[in-house]
Amino acid sequence: MVFPMLRFVKGNPVQIGEQVGAFLEKEVTEVSGYNVIKGFLNIVISDTFYLDFFNGIKDKSDYGLVKESADDAVMVEYSSPNTNKPLHLGHVRNNLLGYSVAEILKASGKKVYKTQIINDRGIHICKSMLAWQKFGKGETPENTGLKGDKLVGNYYVAFDKAYKEEIATMVASGIDEKVAKKEALILLDAQQMLQKWEAGDDEVVSLWKTMNSWVYKGFDETYKNMGVDFDKLYYESDTYLLGKDVVADGIKKGVFYKKEDGSVWIDLTNEGLDEKIVLRSDGTAVYMTQDIGTAIQRVKDYADINGMVYTVGNEQDYHFKVLFLILKKLGFSWAEQLYHLSYGMVDLPSGKMKSREGTVVDADDLMNDMTQTAATISEELGKLEEYSTDEKQELYKMIGLGALKYYILKVDPKKRILFNPEESVDFQGNTGPFIQYAYARIQSILRKADFDSGTTVTLSAVEELHAKEKELIKQLQQFPETIQLAAENYSPALIANYVYDLVKEFNSFYQQVSILGEVDEQNKILRVQLSRKVAEVIESGFKLLGIEVPQRM
RNA sequence: GGCCGCGUGGCGCAACUGAAUAGCGCAUCAGAUUUCGGCUCUGAGGGUUGGGGGUUUGAAUCCCUUCGCGGUCACCA
């Protein structure tokens, strides 16, 4: 407080601190004292101020949340899976991050559209389709009892196996490996199938629809379990041709240029990047073309949005840098408000996850395992006598997923996570269940507090605030600004850390002062109110992370 | 190799974007309470913030340099 002033006011920091402090104490009612240490001025805020503040928020059920303003909308994209295999751990981080950031933006006052673009076409899905045709023997989710996405994923693996076998045979008969990889019949068949799809071949399209519908059913189940949702779905099969006309337009504007072979490029060397292709020489679109077109389409679909958030792994950092730059050069005003929510990979102790090598951690399995672990722990310790089997099951899921979600979201998105399935996820210390437990404990207190705790407590009634009460109020006060900060930084980790600090503060308070045992009636009321507010903020903060809180555990 | 990101006690993470003695969890040790739910609380030990230099009254944070790890540099997505 004092040091920045030294640039303008010459003098001894300690003396200046003394002067400013004395002035504030005298002139500002909220300041009841001050001291100066090593040139840092500390001011003491009066109990009245704390209590007034608390009384102002205690009955606000939406404390900290800013009402959504219609003219400030943003679209958040996350998940966006391929439809040839089930969701895995990498998608889990993506989904949790995207969902949470969307909720945080909402809480900060923006209107938010959650979306994803489903990669439902292309060679990958043709591989699954082809393998199913060849080896499937009419298997369906119904007649096998398998989840649709798992079934289709199995055929993706089956394709790869057959493909590798064919290559091996070809190599054994003296064909060069590189050639074999390109000319294996099964691969050529898959490529042919893709061409048929693009030509609208009835049989292929029908199979494609059927198998995708299986996958969607499976995905829906996973999303539901995970607790994420979307307002609008885009499908690559609808959008993959978008963007070509924009390219033509961009050539006229001089943003792009055409090479002799007909391919179209943008030169970004002045920006320290490379040249990037936006249209192939045969006139077909590349990934970038599609993304340009899709972005523009979205703004057409939702005229109120002036920004977008793309939740995509950091291996695509370069792609998004280029994409945003292109959109700016094309002159779209909203291009300034695009953000790539880039996150680090989730690695296993064994290294990278490879779906074809079976080293992936499946999202459904992971959630089930977490629920199972939570059940084991809870059965030893829980106070759940009154709960039915179903209620218990629901609670275990709440705790298990709480642990998983918190574990992933408390880490800065940019950092990579090393995920050890054996050690799995903590349930003690800075964890979701630790916070859920604090919440459940407060609920227990509130259940017992059956007296009228609704009155407003004044300072004259309690005389003085306990140091722990002040600390709690201080912590509560930071909730609104934490939400704003988290929104500006697209960082659920800030919310997680905040809630954790609040809980630590509450636990310390709980240990030091008696709540229901307090003899002074007014004091007891205040402490119950404080506890209730803390619980509300925990619930509200956790909601932003997509984590639920239990009445008992 | 060019570009991007990350490097903080043994391990896992923080630090309000430049401030006071760099916090917290796990683990270790010592305590408290055990009739508001002990999945709790209090305390101790453990750090030259990868290394070196610089800017500043002040640097984990900004600049330069160097090392390590990862990513990315397709007419793939």
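A note on names: the letters A, B, ... follow the listed sequences, proteins ahead of strands, and every chain is numbered from 1.
Counting non-hydrogen atoms under 4.0 angstrom, A/Val322 reaches nothing in the nucleic acid. Contacts of A/Tyr287 with the nucleic acid, taken as non-hydrogen atoms under 4.0 Å apart, include base atoms. Using a 4.0 Å heavy-atom distance criterion, A/Leu494 is classed as a sugar-phosphate-only contact. Contact annotation for A/Asp282: no contact, since no heavy-atom pair falls under 4.0 Å across all strands. Within the 4.0 angstrom heavy-atom criterion, base atoms lie near A/Ala440. Here A/Tyr510 lies in heavy-atom contact (under 4.0 Å) with a base.
The side chain of A/Ile445 sits closest to B/C36 out of B/C36, B/U8, B/C3. Which of B/A77, B/A14, B/U17 sits closest to the side chain of A/Lys415 comes down to B/A14. Closest to the A/Asn314 side chain, of the nucleotides B/U42, B/G71, B/U17, is B/G71. Considering only side-chain atoms of A/Ser514, the nucleotide from B/C4, B/C39, B/C36 that sits closest is B/C36. Here the nucleotide nearest the side chain of A/Phe434, chosen from B/G25, B/G37, B/C41, is B/C41. Proximity note for A/Asp274 (side chain, C-beta onward) versus B/C41, B/A14, B/C73: the nearest is B/C73. Distance from the side chain of A/Lys448 is smallest to B/C36 among B/U40, B/C36, B/C41. Closest contact between the side chain of A/Arg280 and the listed nucleotides B/C39, B/C75, B/G71 involves B/C75. For A/Ser378, taking side-chain heavy atoms from C-beta onward, the closest of the listed nucleotides B/C75, B/G25, B/C39 is B/C39. Closest to the A/Gln316 side chain, of the nucleotides B/A77, B/G37, B/C36, is B/A77.
Residue whose closest nucleotide on RNA chain B sits further toward the 5' end, between A/Gln511 and A/Pro413: A/Pro413. Along RNA chain B, the nucleotide closest to A/Arg416 and the one closest to A/Glu518 are compared, and the more 5′ of them pairs with A/Glu518.
If you measure from atom NZ of A/Lys414 to atom C1' of B/U8, you get 16 Å, rounded to the nearest angstrom. Across the protein-nucleic acid pair, A/Asn497 atom CG and B/A15 atom C1' stand 9 Å apart, rounded to whole Å. For the pair A/Tyr318 OH and B/C76 C1', the interatomic distance rounds to 15 Å; values are reported in whole Å. Here the P atom of nucleotide B/C76 and the CG atom of A/Asn82 are 17 Å apart, to the nearest Å. Residue A/Leu485 contributes atom CG, which lies 14 Å from atom P of B/A14 at whole-angstrom precision. Rounded to whole Å, the distance from CD on A/Gln436 to P on B/U40 is 13 Å. Computed from coordinates, the A/Lys259 NZ to B/C75 C1' distance equals 10 Å when rounded to whole Å. Per the geometry, OH belonging to A/Tyr407 stands 12 Å off P belonging to B/A14, to the nearest Å.
Taking atom C1' in both B/A30 and B/A20, one finds a spacing of 30 Å when rounded to whole Å. If you take atom P in B/C13 and the same atom in B/C3, they sit 28 Å apart, rounded to whole Å. Atom P of B/G23 sits at a distance of 15 Å from the matching atom of B/G9, rounded to the whole Å. If you take atom P in B/C26 and the same atom in B/G1, they sit 42 Å apart, rounded to whole Å. Separating the P atom of B/G52 from that of B/A60 is a span of 13 Å, rounded to the nearest Å. Nucleotides B/G51 and B/G10 have their P atoms positioned 13 Å apart, rounded to a whole Å. Atom P of B/C16 sits at a distance of 11 Å from the matching atom of B/C62, rounded to the whole Å. Nucleotides B/G31 and B/C69 are separated by 45 Å at their P atoms, to the nearest Å.
Cation-pi geometry between A/Arg552 and A/Tyr387 is not met: the NZ or CZ atom fails to fall both under 6.0 Å from the ring centre and inside 45° of the normal. Cation-pi geometry between A/Arg298 and A/Tyr234 is met: the NZ or CZ atom falls under 6.0 Å from the ring centre, inside 45° of the normal.
Around atom CD of A/Glu394, no more than 12 heavy atoms belonging to other residues, nucleotides or ligands sit under 6.0 Å away. The local environment of CD in A/Gln475 is crowded, with over 12 non-hydrogen atoms from other residues, nucleotides or ligands closer than 6.0 Å.
A/Lys504 has a side-chain polar atom (N or O) that falls below the 4.0 Å cut-off from OP1 or OP2 of B/G25. OP1 or OP2 of B/U42 lies within a sub-4.0 Å distance of a side-chain N or O belonging to A/Ser508.
The pairing partner recorded for B/G2 is B/U72, the criterion being a Watson-Crick or G-U wobble arrangement whose two distances lie under 3.5 angstrom. Pairing of B/A14, defined by two Watson-Crick or G-U wobble distances under 3.5 Å, is not identified with any nucleotide. Under the Watson-Crick or G-U wobble criterion, with both distances below 3.5 Å, B/A44 is paired with B/U28. Across all strands shown, B/G9 remains unpaired; no Watson-Crick or G-U wobble contact has both distances below 3.5 Å.
A glycosidic torsion no more than 90° from 0 defines the syn conformation, and B/U17 adopts it.
Ion pairing between A/Arg532 and A/Glu536 fails under the 4.0 Å rule for side-chain N and carboxylate O. With respect to A/Lys328 and A/Glu271, no salt bridge is recorded, no charged nitrogen being found less than 4.0 Å from a carboxylate O. For A/Glu505 and A/Lys474, the salt-bridge test fails: no basic side-chain N is under 4.0 Å from an acidic carboxylate O.
Aromatic stacking of A/Tyr437 on B/C39: satisfied, with centres closer than 5.5 Å and planes within an angle under 30 degrees.
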### Task
For A/Leu341 and A/Tyr78, run side chain to side chain contact (heavy atoms under 4.5 Å, CB included): C-alpha distance rounded to whole Å, both residues' side-chain angles, the deciding distance at 0.1 Å, then the answer.
CA-CA 9 Å; A/Leu341 176 52; A/Tyr78 66 98; over 6 Å; no

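A/Arg280 places a side-chain N or O within donor-acceptor distance of the main-chain N or O of A/Ala285, the cut-off being under 3.5 Å.
The base of B/C75 sits within donor-acceptor range of the side chain of A/Ser281, with an N or O pair under 3.5 Å. Not a single donor-acceptor contact under 3.5 angstrom links the side-chain atoms of A/Glu315 to the base of B/U72.
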